[in-house]
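Before we start, here is the structure in question, set down as structure tokens.
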Amino acid sequence: MVRKTTKQRNAELAKDGLQLRHYGLRFRMEPKKLQKEKIHKFAGCARFVFNFYLAEKIEVYKNTGETLHYGEFKKSFNALKDHPLFNWLKEPDKFVNECAMEQVDAAYDRFFKGQSKFPTFKSKHTSNQSFSTKETNGNIQLDIEKQTVQLPKIGKVKVKFSKKHRQTFQKDGFNGKIKSATVKYHSSGQYYVSLKIEEKVPLKEEGDWTSTPEDQIIGVDVGLSHFLIDSNGKKVENPRYLKENLVTLAKLQRKLKHKKIGSANYKKLQRKISKLHLHITNKRKDFLHKESRKLVNENQVIVLEDLHVKGLIKNKKLSRSIADVSWSMFKTFVSYKADWSNKKVILIDRFFASSKQCNGCKEKHILLSLSERVWICPHCGTEHDRDINAARNIKEEGIRMLRSLQIPV
Ligand SMILES: [Zn+2]
């Protein structure tokens with residue numbers, strides 16, 4: 001059976017005025033002791049399969065110059081599972097192993113598209129361990145009454161609903177179809193499940209954005225001094241707690257360098273660090289959700305710079321790299337929230353020189369230093385705040401694209 005692509009299914013659904021919507025739901029889990037053991041075991045299987053398939057692929061290529069494909073590997077892998085030494089690979093449901101193989105192929109794809117580095121082997125010593133599985137015949141279920149998620153071979157696991165989850169479920173219930181689940185655990189002792197959901201919703205008609213009034217269009221720039229700066233002159237600070245936590249984190253990491261690797265103190269400190277990491281990540285996500293929601297609620301069209309984040313992440317400074325990761329996550333949040341609320345996001349070319357052009361006379365100043373917060377245009381004499389000037393240029397570029405219909409709809 002050839003599976004239809006989302007595009008093909010959407011084309012069919014469109015006849016009935018429907019379309020597919022995909023989204024994720026993530027819950028903190030409270031597994032029982034036996035369930036925890038299974039989760040650890042299944043994650044171990046997934047890691048083993050991932051590493052095994054990756055190693056085979058590399059080996060085959062080295063020896064023959066050919067790419068080992070999923071189907072061939074799966075055949076030999078299934079034979080291996082029957083060997084008494086590898087019987088433990090039969091413990092999780094079969095999709096756990098399959099998903100791990102698919103992850104290798106996906107990582108290869110990303111590598112060949114130039115989107116990421118060559119895949120690396122998974123280590124059991126990293127703070128995050130996970131496995132994924134797919135839904136079949138209702139084996140993954142969410143019970144919103146009892147607040148449980150049923151997982152294949154693990155059973156019903158208690159999950160925690162956030163306030164937002166509760167509000168949504170109370171209002172709309174849960175109508176989605178679960179497609180897959182990813183279970184993660186963190187070395188600090190926290191367990192999560194992410195469900196991929198598919199729902200059929202009424203077809204959204206693409207509006208005509210070309211004549212959107214300028215006051216309903218906003219340009220947004222990001223910086224290190226502020227989280228974001230918009231073309232109306234508003235600046236959103238990076239949250240305070242984040243700065244404080246980052247300082248603590250840097251201190252702990254320096255301390256870790258002086259401990260003996262593998263010692264009790266080392267492990268204790270390592271746990272503390274990974275817990276703080278997780279805390280920062282969660283807080284950061286909340287913040288990004290809130291800011292993206294505000295932006296989408298208050299504007300019709302949002303213009304963002306399509307920054308090439310990966311190039312920036314290489315920067316070793318922690319604060320910098322977190323800011324970059326946040327930005328790309330923010331972009332994603334704004335995009336899907338806008339999509340759901342029938343608003344428009346325009347991404348402008350990342351090479352567009354937004355900060356070096358005077359928004360007044362449109363002259364470019366190549367010599368403008370990045371450290372100058374305020375500058376006076378030598379051509380027309382206008383005094384600019386560097387960031388606000390950039391946000392205004394971003395907005396203007398967005399308007400230009402909008403008016404000339406250069407955006408794909
Ligand atoms: Zn000027």
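Quick caveat: nothing in here was measured; it's all calculated off a predicted structure. Atoms within each ligand, like the ligands themselves, are counted from 1 in listed order. Just so you know, these numbers use all the heavy atoms, side chains as well, and skip hydrogens, waters and symmetry mates.
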Inspect the surroundings of CD in E66 and state if more than 12 heavy atoms from other residues, nucleotides or ligands are less than 6.0 Å away.
-> no
May I ask you to check whether F52 and F73 place their ring centers less than 6.0 Å from one another?
->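 Ring-ring flag for F52/F73: true, centres closer than 6.0 Å.
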What pairs with K57 under side-chain hydrogen bond (donor to acceptor under 3.5 Å, both in side chains), at least two apart in sequence or on another chain?
->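 Applying side-chain hydrogen bond (donor to acceptor under 3.5 Å, both in side chains) to K57 gives Y53, D105.
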Show every donor-acceptor pair shorter than 3.5 Å between a side-chain atom in residues 21-29 and any protein atom, with sequence neighbours excluded, or say none if there are none.
from, atom 1, to, atom 2, distance (Å)
H22, NE2, E198, OE1, 2.8
Y23, OH, E199, OE1, 2.8

Report yes or no: is the cationic atom of K122 (NZ for Lys, CZ for Arg) under 6.0 Å from the centre of the six-membered ring of F50, at an angle within 45° of the ring normal?
-> yes
Donor-acceptor list for residues 187-197 side chains, cut-off 3.5 Å, not counting sequence neighbours:
from, atom 1, to, atom 2, distance (Å)
S187, OG, S274, OG, 3.2
S188, OG, H186, ND1, 2.8
Q190, OE1, Y192, OH, 2.7
Y191, OH, H40, NE2, 2.7

Protein N/O/S atoms under 2.8 Å of the Zn ion (ligand 1)?
-> C358 SG, C361 SG, C377 SG, C380 SG
